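Throughout, protein chains are lettered first and strands after them, A, B, ... in sequence-line order, and every chain is numbered starting at 1. The model shown is predicted, which means the values in this text are computed figures rather than measured ones. Scope of the values below: all heavy atoms of this structure, side chains included, with no hydrogens, waters or symmetry mates.
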Protein chains: 2
Amino acid sequence: MKGIRRLAQHLDISIGTVSRALNGKPDVNEETRKRVLEAAAELGYVPNQSGRSLRQGTTNIIGFMIQTGTEITGQGDIFFMSVFDGVQAVFARHKLDLVALLCSSQEDPSDYLRRVVARGFADGLILSATQRNDSRIEFLAERNIPFVTLGRSLTDAGQPWLDLDFEGMAQAAIDRLVARGHRRIAVTRPHDDVNLGYIFVDRCREALAAHGLPLEENLIFRSTPNEAGGYQIARDLLALDKPPTAIVLINETIAIGFYQALSEAGVKPGRDIAVIGRYSPHAHFLSPPLTCFRLSLRDLGIALAETLLSAMPAFKDHYPDAPANKVWPMELVEGESDTFRVSRR
Amino acid sequence: MKGIRRLAQHLDISIGTVSRALNGKPDVNEETRKRVLEAAAELGYVPNQSGRSLRQGTTNIIGFMIQTGTEITGQGDIFFMSVFDGVQAVFARHKLDLVALLCSSQEDPSDYLRRVVARGFADGLILSATQRNDSRIEFLAERNIPFVTLGRSLTDAGQPWLDLDFEGMAQAAIDRLVARGHRRIAVTRPHDDVNLGYIFVDRCREALAAHGLPLEENLIFRSTPNEAGGYQIARDLLALDKPPTAIVLINETIAIGFYQALSEAGVKPGRDIAVIGRYSPHAHFLSPPLTCFRLSLRDLGIALAETLLSAMPAFKDHYPDAPANKVWPMELVEGESDTFRVSRR
DNA sequence: CATAGTTCCGTAAACGTTTACGGTAGCCAG
DNA sequence: CTGGCTACCGTAAACGTTTACGGAACTATG
């Protein structure tokens with residue numbers, strides 16, 4: 001005899017009463033409920049997840065899908081760990097558990113979803129590393145599986161999404177650099193599948209145009225979102241006949257490699273070139289400290305969770321005014337990497 | 001009508017045959033199997049996970065438990081993403097899925113296990129951030145849930161474990177530095193709960209003793225395993241009356257902050273002090289490049305998976321000679337941060 | 001032709017829960 | 001005493017699978 005039956009037998013009451021007692025249902029004497037809870041603790045009983053979700057049609061699990069093995073966004077684990085923490089803070093209130101669904105770099109993300117999610121593994125999903133065209137979105141929308149994406153996509157099934165405010169960052173960075181006299185400003189972008197590259201570069205172009213300046217095509221640097229990519233960018237940049245006087249880095253970790261390549265060439269950020277980047281724990285420990293855009297990842301996680309829950313019928317009424325779409329603002333952290341000014345002539 | 005019944009009705013055969021056909025059981029005509037598979041693809045049928053695991057008593061899911069919100073090990077996401085990738089490479093062969101179980105920093109890890117794992121959520125577990133005394137180990141051992149830990153623990157229930165070879169690193173680093181004339185060598189360690197600190201420091205002490213040298217207590221630096229921790233260490237170190245001439249850093253990211261604090265004081269690694277650390281993608285992009293110990297995280301993941309499977313009855317015979325315990329060797333990557341020599345006098 | 005063996009398939013039980021439903025006992029009002 | 005209400009509890013069905021078992025239809029063997 002196992003499970004709830006064992007508990008019921010031990011207490012000499014029916015399994016129905018045991019179940020009701022454990023789940024806080026009303027139709028049970030407070031005295032017996034107390035006995036049940038005590039016995040459950042004593043015997044170490046925990047309800048079987050499969051039995052429960054089979055009956056209820058719900059798993060109380062939310063999946064956060066991330067890809068392993070590759071670096072798509074260059075957002076390190078610090079990034080995810082912080083976001084996770086915010087998400088969990090919300091889910092804990094509803095007895096939901098968060099797990100990270102790890103899609104191997106060997107497997108197509110949509111196949112992965114079909115394999116694991118379509119079997120009723122999770123009640124809802126958070127998608128990260130959203131692609132510019134993302135078939136996962138259609139897949140989930142067709143099946144009516146609640147989800148929210150971290151990152152906008154051209155694929156639009158009316159899904160909720162949150163994203164970082166790359167437009168705001170582009171606008172603020174360009175305005176700031178132009179105000180300091182820069183006229184030839186470089187920007188970086190990740191590879192073609194990543195939507196934020198388009199969003200960011202387009203807005204940089206607009207912001208420059210508003211000042212009557214062009215975004216020169218050879219000043220748009222494409223790279224992998226890691227240290228080596230930043231290193232390569234700096235090398236390419238310095239090899240130009242007429243290098244730019246300022247640059248905006250879109251990824252976090254590329255700053256490290258970028259600084260190093262500059263250093264090897266005797267070029268110093270803030271003195272010889274203006275650099276603006278993204279915050280990461282190391283940003284403050286570069287020489288000079290990186291001027292960068294930061295946001296609260298924990299708060300972002302909280303917002304992700306609330307937006308997802310507002311898309312789930314069972315929790316919708318708890319979050320009446322959670323935004324379905326939102327760009328998350330970033331704040332500027334002043335460093336000394338962008339103090340280089342260009343005088344008008 | 002839903003699920004397998006719908007499929008069976010559509011094909012006008014029994015659900016038993018459908019199930020056998022889908023699961024590759026022998027007692028089914030190849031012709032009908034073909035029809036079933038086609039119909040399943042057409043109707044988009046995927047078996048329900050709860051129903052299946054309720055019946056089989058197995059979930060085909062392996063959990064990799066990590067803690068969110070806090071930085072315990074200072075191993076970034078790059079660390080986990082790479083390990084995950086190796087683990088998945090093995091699991092894919094057995095149709096096992098890997099998910100990361102995210103334990104909030106707000107919750108006790110053992111309570112977490114009780115809540116989610118004890119309900120039959122996963123068939124096996126990989127534990128990371130193993131503590132010096134870790135109650136999770138007892139909990140899992142009592143319940144006969146197969147698991148392997150990444151990191152040794154004093155808590156010994158005969159569980160399999162893998163760990164990085166901190167002894168080998170300590171020995172090689174100390175020998176190398178002593179050979180270059182250093183006699184006052186500092187080491188770092190994480191906070192008290194983390195076992196590797198004891199392992200590492202103890203071996204450093206032994207290695208020094210073999211050369212007739214002491215490990216001075218005030219040259220053991222304790223810090224958080226992040227950039228800020230490294231910064232603080234360097235500040236404390238430079239403030240000493242008689243700073244050491246060499247240091248071995250046990251965490252990956254502390255090197256960045258350490259370098260920065262040195263730089264601010266005009267002290268240069270390789271020229272004024274010898275530094276040896278741990279590999280991370282940024283190690284090569286520091287100035288000068290960090291001499292560090294590296295290992296293949298993907299291979300480590302593969303070994304973790306194989307060791308876990310060899311502890312699971314259902315897969316034991318596939319991995320007859322997977323080691324139950326192993327320290328994973330690290331290789332030295334030569335940089336220029338440890339070229340500083342001290343002449344005997 | 002009888003028997004045994006093989007191949008394939010259908011039936012039904014089982015996994016561990018939750019929950020709709022009905023029933024009993026006690027109480028109170030008429 | 002009757003009827004209705006409340007409080008509590010037991011029964012059994014249901015969730016979607018897998019699989020042991022048995023049986024039907026053939027084939028092969030003697």
Side-chain angles (χ1 to χ4, degrees), chain A residues 1-37 39-40 43-61 95 115-123 143 314, chain B residues 1-37 39-40 43-61 95 115-123 143 314:
Chain A
M1 189 77 68
K2 284 169 51 183
I4 202 173
R5 288 208 158 69
R6 171 156 147 64
L7 199 54
Q9 175 178 298
H10 180 258
L11 288 163
D12 199 31
I13 58 179
S14 80
I15 61 170
T17 304
V18 174
S19 175
R20 280 189 296 265
L22 291 173
N23 293 356
K25 292 297 166 67
D27 268 13
V28 48
N29 188 305
E30 280 309 318
E31 171 63 24
T32 49
R33 186 193 303 277
K34 187 154 157 287
R35 285 179 54 219
V36 170
L37 290 175
L43 300 187
Y45 168 78
V46 289
N48 177 283
Q49 177 73 28
S50 302
R52 166 184 290 225
S53 32
L54 179 58
R55 171 62 217 234
Q56 305 198 122
T58 179
T59 62
N60 288 342
I61 291 172
K95 301 203 180 305
R115 222 159 41 74
V116 13
V117 176
R119 20 185 86 185
F121 180 84
D123 293 344
R143 312 215 161 210
Chain B
M1 189 78 67
K2 284 169 50 182
I4 202 174
R5 290 207 156 69
R6 171 157 147 65
L7 199 55
Q9 174 176 299
H10 179 257
L11 288 163
D12 197 31
I13 57 180
S14 79
I15 61 169
T17 305
V18 173
S19 175
R20 280 189 296 266
L22 290 173
N23 292 357
K25 293 296 166 67
D27 269 15
V28 49
N29 187 305
E30 279 309 318
E31 171 64 23
T32 49
R33 186 193 302 278
K34 189 154 155 286
R35 284 179 54 218
V36 170
L37 291 177
L43 300 187
Y45 169 77
V46 290
N48 177 283
Q49 178 72 29
S50 303
R52 167 183 290 224
S53 27
L54 179 58
R55 171 61 217 236
Q56 303 197 125
T58 178
T59 63
N60 287 341
I61 291 172
K95 301 203 179 305
R115 222 159 41 75
V116 12
V117 176
R119 21 184 89 184
F121 180 85
D123 293 344
R143 313 217 160 209

Using a 4.0 Å heavy-atom cut-off, does [X] contact any base of the nucleic acid, only the sugar-phosphate backbone, or nothing at all?
| X | answer |
| --- | --- |
| A/D27 | base |
| A/T32 | sugar-phosphate |
| B/G3 | sugar-phosphate |

Just how far, in rounded Å, is [atom2] of [N] from [atom1] of [X]?
| X | N | atom1 | atom2 | result |
| --- | --- | --- | --- | --- |
| B/N48 | C/dT17 | CG | C1' | 14 Å |
| B/K25 | D/dC21 | NZ | C1' | 14 Å |
| A/L11 | D/dC8 | CG | C1' | 16 Å |
| B/I15 | D/dA14 | CD1 | C1' | 14 Å |
| B/I13 | C/dC8 | CD1 | P | 13 Å |
| A/I4 | C/dT19 | CD1 | P | 11 Å |
| B/R119 | C/dC15 | CZ | P | 21 Å |
| A/R20 | C/dT17 | CZ | P | 15 Å |

**Sidechain N-carboxylate O distance under 4.0 Å for A/R33, A/E30** =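 A/E30 and A/R33: salt-bridged.
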Validation row: [X], [Y] side chains within 4.5 angstrom (heavy atoms):
| X | Y | answer |
| --- | --- | --- |
| A/L37 | A/L22 | yes |
| B/V18 | B/Y45 | no |
| A/V36 | A/I13 | yes |

**Request:** Could you pick out which residue, A/G51 or B/Q56, lies toward the 5' side of DNA chain D when each is mapped onto its nearest nucleotide?
**Result:**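 Result of the comparison: A/G51.
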With a 4.0 Å cutoff (strictly under), does any side-chain N or O of [X] reach OP1 or OP2 of [N]?
| X | N | result |
| --- | --- | --- |
| B/T17 | C/dG10 | yes |
| A/S50 | C/dG16 | no |
| A/S14 | D/dT11 | no |

**Message:** Measuring from atom CG of A/L54 to atom CZ of B/R52, what distance do you get when rounded to the nearest 0.5 angstrom?
**Reply:**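 Answer for the CG-CZ pair, A/L54 versus B/R52, is 13.5 Å.
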**Message:** Quiz question: going by heavy-atom distance under 3.5 Å, is there a donor-acceptor pair between the base of D/dT18 and the side chain of B/R55?
**Reply:**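 A donor-acceptor contact between them is present.
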